[in-house]
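Computation of the quantities below employed the complete heavy-atom set of this structure, encompassing side-chain atoms and omitting hydrogens, waters and symmetry-equivalent molecules. Residue numbers begin at 1 in each chain, while the letters A, B, ... track the order of the sequences.
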2 protein chains.
Amino acid sequence: MQQLAKALGKNIRMQRKAAALSQDALALSCKVDRSYMGRIERGEVNITVEKLYRIAAALGCNPGALLPTLVECLYD
Amino acid sequence: MQQLAKALGKNIRMQRKAAALSQDALALSCKVDRSYMGRIERGEVNITVEKLYRIAAALGCNPGALLPTLVECLYD
DNA sequence: ATGTGACTTGTAGTCCGTA
DNA sequence: GTACGGACTACAAGTCACA
């Protein structure tokens, strides 16, 4: 399921850039470590729903708006 | 963030009942443990996005449709 | 301002039960 | 068919140093 994490990270990065924020700034308002924020965007980690909400809140968008629509690759 | 997990679990349970599935059956098609499925619905755990997708797929609905809309209680 | 390695700690998630 | 527990294992969460 690295596909999912990668797609999610890409969405987050796009939204972050759209909001003209740095990883540092976003990480700060999400209350996560700067380096961890980078890993999320690179799709290296599979975040929990709680993190998703924190990030969405910091980006000022709906949590669902960050979710990639991949009906493909759901199972393995 | 137990509020979030509880609301999420409630949504999942509603969708599951709407689909006329047992916890066992849902857990099976989600490829998660039976007992864990119960904990999810009771809001005792904070699931990862990957699990969210697996559950949504098994329920035949959109992952975003399971997410509760709570703008409140996002931060602590 | 971001990527990455090497961690430690907390909890997501499994597998066995019992009621 | 569901709730709940104990004892695990796997990995998300979080921190730091150094590129």
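Atoms CG and CD1, on Leu66(B) and Ile55(B) in that order, are 7.5 Å from each other to the nearest 0.5 Å. Of the inter-residue distances, the one linking Ile40(A) atom CD1 with Cys30(A) atom SG reads 7.0 Å to the nearest 0.5 angstrom. Separating the CG atom in Leu4(A) from the CZ atom in Arg54(B) is a distance of 10.5 Å, to the nearest 0.5 Å. To the nearest 0.5 angstrom, Leu59(B) atom CG is 10.5 Å from Asn11(B) atom CG. Here the CG atom belonging to Asn46(B) is positioned 4.0 Å from the OG1 atom belonging to Thr48(A), to the nearest 0.5 angstrom. The structure places CE of Met37(B) at 5.0 Å from CD of Glu41(B), a figure rounded to the nearest 0.5 Å.
Heavy-atom distances to DNA chain D give each of Ile47(A) and Ser22(B) a nearest nucleotide, and the one nearer the 5′ end belongs to Ser22(B). Residue Leu21(A) is the one, among Val32(B) and Leu21(A), whose nearest nucleotide of DNA chain C lies closer to the 5' end (criterion: closest heavy atom). Residue-to-nucleotide proximity on DNA chain D shows that, of Thr48(B) and Lys17(B), the 5′-proximal contact is made by Lys17(B).
Side-chain nitrogen and oxygen atoms of Lys51(A) include at least one within less than 4.0 Å of the OP1 or OP2 phosphate oxygen of dG14(D).
If you measure from atom OH of Tyr36(B) to atom P of dG5(D), you get 16 Å, rounded to the nearest angstrom. Rounding to whole angstrom units, CD of residue Glu44(A) and P of dG3(C) are separated by 9 Å. For the pair Arg42(B) CZ and dA3(D) P, the interatomic distance rounds to 5 Å; values are reported in whole Å. Between the CD atom of Glu41(A) and the P atom of dA12(D) there is a distance of 17 Å, rounded to whole Å. Regarding Asp24(B), its CG atom lies at a distance of 7 Å from the P atom of dT2(D), rounded to whole Å. One interatomic measurement links the two molecules: CG of Leu4(B) to P of dA12(C), which rounds to 11 Å at whole-angstrom precision. Rounding to whole angstrom units, CE of residue Met37(A) and P of dA12(D) are separated by 15 Å. Distance, Glu50(B) CD to dA12(D) P: 9 Å, rounded to whole Å.
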Q) When you look at Gln15(B) and Ile12(B), which way does the side chain to side chain contact (heavy atoms under 4.5 Å, CB included) test go after all the steps? A) CA-CA 5 Å; Gln15(B) 289 288 325; Ile12(B) 291 172; 5.8 Å; no

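You'll find that the side chain of Asp33(A) is closest to dT15(D), out of dT15(D), dA12(C), dG5(C). For Arg13(A), whose side chain is taken as the heavy atoms from C-beta onward, the closest listed nucleotide among dT2(C), dT15(D), dA3(D) is dT2(C). Listed nucleotides dG3(C), dA3(D), dT14(C) differ in distance to Arg39(B); the shortest reach to its side chain belongs to dT14(C).
Under 3.5 Å, the side chain of Arg34(B) and the base of dG1(D) form no donor-acceptor pair of N or O atoms. Residue Ser35(B) places a side-chain atom within donor-acceptor reach of the base of dC15(C), judged by atom type and a 3.5 Å distance cut-off alone.
Val45(B) comes within contact range of the sugar-phosphate backbone alone, with a heavy-atom separation under 4.0 Å but no base atom that close.
Using a 3.5 Å distance cut-off with no hydrogens or angles, the side chains of Ser22(B) and Asp24(B) do not pair a donor with an acceptor.
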**Q.** Secondary-structure notation, DNA chain D, from Watson-Crick and G-U pairs under 3.5 angstrom (| other strand)
**A.** .|||||||||||.||||||

